[in-house]
Amino acid sequence: MTDRELIAVAFDAMRRAYTPYSHHQVGAALLTRSGKVYAGCNIENAAFSPTVCAERTAFFKAVYDGERAFDKIAVVGGLDGIVTDYFSPCGVCRQVMSEFCEDDFSVIIAKSEDDYLVKTLNDLLSCRFSPQHLVDNPQNNNIC
Ligand code: THU
């Protein structure tokens, strides 16, 4: 699966966003190591805090299906689904990525299939709190 193809899936996913409050539509496409793609959109809620981001929708669908190893994710978004700029994943979604992904997991932040940035999870959330911090092993005390 090329970056272009993954971005195209993210654009399709964005069209499914439920965004009556912010009108910011976001789409994500997550590629598993086994080669499957899980798409996600943001789903808002009148109580606001139950809103879930596109990236987490994609991750949670994949994890529910038994997938726990991931290669890359493409993310696109914009007001009313019009993408004019790069849409960078929020901190909560970065933390969810951190649960399942290694430092070199690629996050493709796209304006279009031809115009995109590729960041690593480590770029986006260096020195992060990860599952390793909960392991009772003194060697893990200095992960940063
Ligand atoms: N949103 C995402 O889907 N992903 C992010 O990484 C950041 C924000 C959504 C949540 C909300 O529906 C809208 O964008 C505006 O914050």
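This structure is a prediction, so every number in the text was calculated from the model and none was measured. Note that ligands are numbered from 1 as they come in the structure, with each ligand's atoms numbered from 1 the same way.
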Inset, instruction - Using modelled atom types only, decide if a donor and an acceptor are shared between the side chain of S106 and the backbone of T120 within a distance under 3.5 Å. - result: no
Let me have the donor-acceptor pairs involving side chains of residues 47-56, under 3.5 Å, with sequence neighbours excluded, atom names and distances please.
residue: T51; atom: OG1; partner: N45; partner atom: N; Å: 3.2
residue: T51; atom: OG1; partner: F48; partner atom: O; Å: 2.8

Inset, instruction - Would you please say whether a donor-acceptor pair under 3.5 Å links the side chains of N42 and Y18? - result: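 No, Y18 and N42 have no side-chain donor paired with an acceptor closer than 3.5 Å.
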Legend entry - No-hydrogen, no-angle side-chain donor-acceptor test under 3.5 Å, S112 and D115: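 No - no donor-acceptor pair under 3.5 Å links their side chains.
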Legend entry - Sequence neighbours excluded, every pair satisfying ring-ring contact (aromatic ring centres under 6.0 Å, His included) that has a member inside residues 113-132: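 Listed by first then second residue: F129-H133.
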Legend entry - Pairs where residues 56-101 contributes a residue and the test ring-ring contact (aromatic ring centres under 6.0 Å, His included) is met, not counting sequence neighbours: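 Passing the test, one end in residues 56-101: F59-F70.
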Tabulate distances under 3.5 Å between N/O atoms of ligand 1 and N/O atoms of the protein, writing both atom names on each line.
residue: ligand 1; atom: 3 (O); partner: A54; partner atom: N; Å: 3.0
residue: ligand 1; atom: 4 (N); partner: E55; partner atom: OE1; Å: 2.8
residue: ligand 1; atom: 6 (O); partner: E55; partner atom: OE1; Å: 3.3
residue: ligand 1; atom: 6 (O); partner: E55; partner atom: OE2; Å: 2.7
residue: ligand 1; atom: 6 (O); partner: C90; partner atom: N; Å: 2.8
residue: ligand 1; atom: 12 (O); partner: N42; partner atom: ND2; Å: 2.9
residue: ligand 1; atom: 12 (O); partner: E44; partner atom: OE2; Å: 2.5

